[in-house]
Every structure is written in structure tokens, then in C-alpha cells.
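Just below is one structure, and these are the notes that go with it.
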There are 2 protein chains.
Amino acid sequence: MEKKEKVLNGVKEIARRAKVSIATVDRVLHNRAGVSEKTKAKILEIIKELDYKPNILARRLASSKTMHLYTLIPERSAETDYWDVPLQGIFQAENEIKLYNVKVSKFFFDMNDKQSFIEQTKRILKETDIDGLLLAPAFVEEAITFTEECKRRNIPFVFINSDIPQQKSLSYFGPNLFHSGQTAAHLIQYLTKEADKVLLLNIAKDIDSDHHILRKQEGFMHYFQENSPRTIVTENLYDTSYAAVKKALSKIVKADPDLHLIFVTNSRVALVARFLKEIGKKDILLIGYDFLPNNITYLNEGLIDFLICEKPQEQAYRGIKALYRFLMFEEDQEKEYFMPIDIIHRENQQFYKN
Amino acid sequence: MEKKEKVLNGVKEIARRAKVSIATVDRVLHNRAGVSEKTKAKILEIIKELDYKPNILARRLASSKTMHLYTLIPERSAETDYWDVPLQGIFQAENEIKLYNVKVSKFFFDMNDKQSFIEQTKRILKETDIDGLLLAPAFVEEAITFTEECKRRNIPFVFINSDIPQQKSLSYFGPNLFHSGQTAAHLIQYLTKEADKVLLLNIAKDIDSDHHILRKQEGFMHYFQENSPRTIVTENLYDTSYAAVKKALSKIVKADPDLHLIFVTNSRVALVARFLKEIGKKDILLIGYDFLPNNITYLNEGLIDFLICEKPQEQAYRGIKALYRFLMFEEDQEKEYFMPIDIIHRENQQFYKN
DNA sequence: CTGAAAGCGCTTACAG
DNA sequence: CTGAAAGCGCTTACAG
């Protein structure tokens, strides 16, 4: 490596030009009180003139502060281990930045228990050192209450997985759910003829207030209104146990011998794959969501044909990094970052990065 | 942010325990000469004991050296602007790390002119300050000669876009070409019936030595040998002008009125889309490669049905970052990083990140 | 073979 | 309202 030529740099140069000490420069840099308007204006001018950019390394090295980030996401549940993946993303980001004195405190709630969400938000709000927050706002009303308090305290927060636009988070990292449904629909249009029957299957305890499912379904239906139509049958399964799914599907498959394709609107597609495997039916195409271990197994066995996935690990990773960059560098962050909507099948699955 | 408690840290603590100065500690840390075996051993032991990790920020701040990276990739050509995208990735990485005294010097060669490649490698080798190199090894023999010289000089290099495994680069970032062909084939299996005719179309000046095309084609053919077969016709078009492509396709389409699908093995798929548009034929499915502006236009018009893409921008971005991390942190790098093989259609294209 | 000292570009008490 | 000085954890001449 070659030597760097030397020039008087940074705060020193500013101080020299403004004929003040570097401490005073530092004060205006951080907008701290105790500088006369006159010197402040002068220094600000020089900063602009020089297009001064602080050296982050030096700043970090000299500072003795720890940045405290908090996260609140669902814990993995009996129904799906989906939330393991975003948690990995949090760890990944944490590993990258812990050198710079960043701590991440992780809190979890139960997807099927609104009360647990409320309790966790209360636990978090007891802390006094919250510099930033990452949140999966599964319960909308409660998430609004929570983030309102954050705003009052001037704590920046980012949403992942689903958005609440009116809360004006620092950033949102997650899918565009409507287009996710459209993406599935467009693919399915290629896989079916007009006469083919398509089953849209929602499997979740609380479908009617599940924003994810509802929006995807809207996008899906919208697509087939605008494009060559298909015969679409919708079924809602509120009991997510395999026994219940099996019972319901048996009836459906029996009643509809020429069912061509089943589209499951979330990661529970593995339950359907298991059923199809058990009855030995391989001529029904099956499409679902999320790159999870048991889904991948069924994909490789040929029971699931396509998985749609929106990089849940990267969502959380980017969320943490956005908070970090905002707090550390005062960098502006992208308001909405929609994840790519990935189409995975048996032959490209081995290279997928979640 | 909360204050950090203070402990004696790093080189100072090591020096204290070893009863030497920090300069000596620094010497063994960097494996520099001039330390007695005895003190060296002692210091090494303490380093291990403490599980000492150097503070990169401090190291960077104190060092007055500039890291010099070189890149050699094709320039954009009349046939495709594909190579604009990796170049963006180089700029993206450069922007992130230029704060840390990294310079990236960019060299380009003409994809259709082997001599230009040789000339550029010679220009690069005239430099004496090469810390690392990123290379798209389009001409295999010449790339071997070049990287052999790099090895002699102890310069680490990474490959992008295509690999030469026996050269043992620091890393490779690019597609697994064989599986890329298989991915296209698997998708096409869903889009066709056994009786359908599929045209595999290679459009390039030098198909017979185009590693990319050949390996993709192998993967494609292999898939249909292992799985339910299709009638596949292969055509090689060595003249990449639109006039020539048009002429050849007119003949093919006329001779084969029930042609069902055309698969173009590289980014030249836009030429075929243009042709299909001109003759007003919308019932032939069209699949090709790469997320480039004119391809996307045809995708949105419904003339191209699917694009396969392997994140060329990210390839170059990761390549530069790998060199940087290796040189800066002495981090081990992944030998082979195969990019995901992405499937893009009209409805998910707007969220794709190249 | 080894060490004392200055410096990288900042932040942080402390003193006035 | 302002400045001098020490320090963050390293690297780099320089002296012996």
C-alpha cells in the first residue's frame, strides 16, 4: 500500500480557518449549546465551504458511548418457524456492527397472543437507554400505540415484514404484499389454462385480520380480474393442525377431481404437501410461501412446485443496519424498501439466499 | 447512548503483561522482523490468552497507507450493455470503502478482441502498487497467464462472472452456469407439454468458445435427459446484428409453425423480442437472460415472458468487498460464492435488485 | 533487538 | 461562551 500525502484535515483545519479551538468546532458539529451565534455561523460556513465530512472511524474510536438497539418480533411458533429467519438477520447485522459499540436487545411476542405483544412493549418502554427500535407490527392498533410513545421520546423505529404507513417509520423493509399476490397469479396464469380450477387456500388462526394474507389475496384476485380469468375457489382453514387440514382437503379433493393447482397464501404450504404426499397425488400443482426447511424438503421431493419468498433474513438485517446508519452517520434512510419477490423451484433453490 | 466502562485494552494490555513496549507488540502482530524468538513467543501466548482482536478503526485511523485495487472487466459493447451493471457494483463498493483509504483503478477490454485483453493486463502489470485485483476472465488462456503473474507477485485476485477453478482465486462470485441452464429447463418443463417444440437459441459471435453459453446449454440439455423430455431444436446465430437475426428467425418460424417456446441463452433475447413484435406473434413464449433496460421493456410489453438473472451488480460489489476484507482484516473469504439464479417476470420485475 | 514519543481525527471532561 | 489537554487503540519514524 502506498503512503498518503498529508494535508491539514477535518476539525483542525476548520478550527484554524475559524480561529477557534477544535472543541468549539465540535460543539457546532453536534449542535451543542454554548457557542455564540456569530462563531457558530462562521464555523457552519467553513464546514459548507470545505464540504466537511466527519471521519467516522475517529468519531467511533474517541467516543465512549454504546448504541442501544431494541428489537421486537414474534417468537417461532408451533405453526411455523418463519421467525427464526429474521432473527438470524438481526444476529448477522449485530455481528457486523458490534465492533462499533452497538448492543441489540431482543424481545419476542407470541403471534397468537395480542396480550403478549402489549406486555413486551411495556417491558421495552421501561428502558431509558433506547436509541432505536426494530419492530414487526403484527398487531396494528397496539403497534400504533407503541410507536406513538416512541415518537414522543424521539426514538427512531423501523418496521419489517409489514408496514403501517401512517406511522411514518424511519424505514420499512418487507414485501409489497399486493404485488406478491400478483406475482403468484402471473406465474399461475402460465401454469394453467382458462378452464383449470385453482384453489386459493388460506391457513391461519386469524385470517380475517391477517393483513399479510388479505393483501396478497387482493393482489391475486385483482390480477385475474385484469387478465385472462381462471376459476378460483377460495377456502379458509382456521384450524392449523394437520388433522384439520387433512380433513378439509380430503373433502375438497374428493369433491373436485380435476383440481389443477393449489395456492397457499403463507408458509403453511407444507401441510398441504404432506397431505398430497400421503394420498399419493402428484398431479396437483402446489405453490406456497417461504424458504423454510420443511418447505424446501417438499420442494425437492416434487410435492411443492414453487415457493415465493421475500428474503426475511435480509429484511431484519437491513432494518438494523438502517437504524445504525441513521444514528451513527445521520444518513437519510430509504422510507420504503420493498424486498424482491423471489420465485424458487427445485432447480434454483440451492443457491437461494434468504 | 450509555457510557462504556473502561478497561486496559489491546496492545497496551499485551505490552504490560509481556513487560515490553507496544512497538514490540506491534511488531509481532504484523509478523515484522526484529523481535527475539523468546519475546515473540511470550507475546504470541498472551495474544492467544487474551483472544486479542485488533481494533480495525484504530488501525485504519493510524495507518497512512492507501489500498490500491485494480479491476479488469469488459467494456459495454454494441451487442449488450450488460457490463454496465457490474461496473455499477464496483462503484457501489468503492463508495462504501473509500473513507478507509481505498482506491479502485478500473481497466476495460473489448469482449470481441482478445488482443485488447492482453494489452490491458500488460498495462496493469506495469503498476507496482497493486494490492488486489478483480477480474472477469473472459479469455481463459490469457487470464491464466495474467493471474499466474499475480501469484508470482503475491497479489490476491477474485474472479467474477465466470470461474477458472484451477487458478485458485481468492474468491469467485458468479453464477453456477450448469444449474442456471437447469433452472431454465425446469421452468420450461412447466410451460410446455411433451409434444411441444422448444428452440434453444445461441446468439453470439464466438459461441463455440463461449464458456457461458456452452455450460448453460449443457445444464439445459442434461435436465431434459434426466426428466420428461421435450423436442429441442438448437440454433447458433454467429451474426449478432438484428438484420441477421431477423433473417434466421423468419426462416425458423416459417418452417415451424407450431414452435411453442424460444429460449435464448444470453442477454440477446431482446433481438428475438423485437422480431416477434414486428411480425406480431404473441403466442410463442420467450425466455432469456439478464435484467437490462431493453429486456425489461419487452418483458413489460409481454413479448418476453421470463428473464433469468444472476445479480451482476452484486457479483462485482461482493468481489471488491472480498478483496477489501481480505487485505484489511485478513479475513478468510469464501472460495466460491454462487449467486442466486433469479426468475423474473412482468409482475415481480419492479422489485428486482440487480 | 527494543522503546519513547508523536500522530491519525475525533470526543470528553475540566478550567476559566 | 471558549480553549488546552488527555485519550480512544493503533502505526510510524527515529534513536539507541
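In what follows, chains carry the letters A, B, and so on, assigned in the order in which the sequence lines appear, proteins first and then strands, with residues in each chain numbered from 1.
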Which sits closer to the 5' end of DNA chain C, Thr39(B) or Ala58(A), going by the nucleotide each is nearest to?
-> Thr39(B)
Distance, rounded to the nearest Å, where Lys42(B) contributes NZ and dT2(C) contributes P = 10 Å
Pairs: protein N or O with nucleotides 14-16 of chain D N or O, under 3.5 Å:
none

Report the nucleotide, chosen from dG3(D), dT12(D), dG9(D), that has the shortest atom-to-atom distance to any side-chain atom of Ser63(B).
-> dT12(D)
Give the rounded distance in Å between these two atoms: CZ of Arg60(B) and P of dG9(C).
-> 12 Å
May I ask you to check whether over 12 heavy atoms, not counting those of Lys122(B), lie within 6.0 Å of atom NZ?
-> no
Distance-only side-chain donor-acceptor flag, Ser171(A) / Gln333(A), under 3.5 Å | no
Between Tyr172(A) and Asn161(A), is any side-chain donor less than 3.5 angstrom from a side-chain acceptor?
-> no
Rounded distance (Å) that lies between atom C1' of dC10(D) and atom CG of Asn55(B) = 7 Å
Could you state the CZ-C1' distance from Arg59(B) to dC8(D), rounded to the nearest angstrom?
-> 16 Å
Under 4.0 angstrom, heavy atoms only, what part of the nucleic acid is Ile22(B) near: base, sugar-phosphate, or nothing?
-> base
Atom pair distance, as rounded to whole Å: CD1 in Ile47(B) and P in dC10(D) | 10 Å
Among dA4(D), dG9(C), dC1(C), the one nearest any side-chain atom of Ser36(B) is dC1(C)
Quick one: Glu13(B) CD to dG9(D) P, roughly how many Å, whole number?
-> 11 Å
Qualifying residues under ring pair (Phe, Tyr, Trp, His ring centres under 6.0 Å), relative to Phe146(B), sequence neighbours excluded | none
Phe117(A) ring center within less than 6.0 Å of Phe139(A) ring center | yes
Do Gln313(B) and Gln92(B) meet the criterion of a side-chain donor-acceptor pair at a distance under 3.5 Å?
-> yes
Comparing Ala62(A) with Thr24(B), nearest DNA chain C nucleotide closer to 5' gives the residue Thr24(B)
Glu37(A) has an atom CD; how far is it from atom P of dC1(D), in whole Å?
-> 8 Å
Within residues 45-56 of chain B or reaching into it, pairs that qualify as salt bridge (Lys or Arg N to Asp or Glu O under 4.0 Å) - sequence neighbours excluded = Arg17(B)-Glu49(B), Asp51(B)-Lys53(B)
Give me the ring orientation class for Tyr337(A) and Phe173(A): parallel if the planes are under 30° apart, tilted from 30 to 60°, perpendicular past 60°.
-> tilted
Go through dG3(D), dC8(D), dT2(C) for me and flag the one nearest to the Leu61(A) side chain.
-> dC8(D)
note: Lys65(B), atom NZ; dG7(C), atom P; distance rounded to Å ~ 19 Å
Tyr324(A): what forms a ring pair (Phe, Tyr, Trp, His ring centres under 6.0 Å) with it, not counting sequence neighbours?
-> Phe329(A)
Non-neighbouring partners of Phe91(A) that pass ring pair (Phe, Tyr, Trp, His ring centres under 6.0 Å), sequence neighbours left out = none
When you get a sec, tell me which of dA4(C), dG3(D), dC10(C) is the closest nucleotide to the side chain of Ala23(B)?
-> dA4(C)
Tell me which nucleotide among dC8(C), dC10(C), dG3(D) gets nearest to the side chain of Lys12(A).
-> dC8(C)
Could you summarise the pairing of DNA chain C as dot-bracket text, marking Watson-Crick and G-U pairs under 3.5 Å with ( ) or [ ] inside the strand and | across strands?
-> |||.||||||||.|||
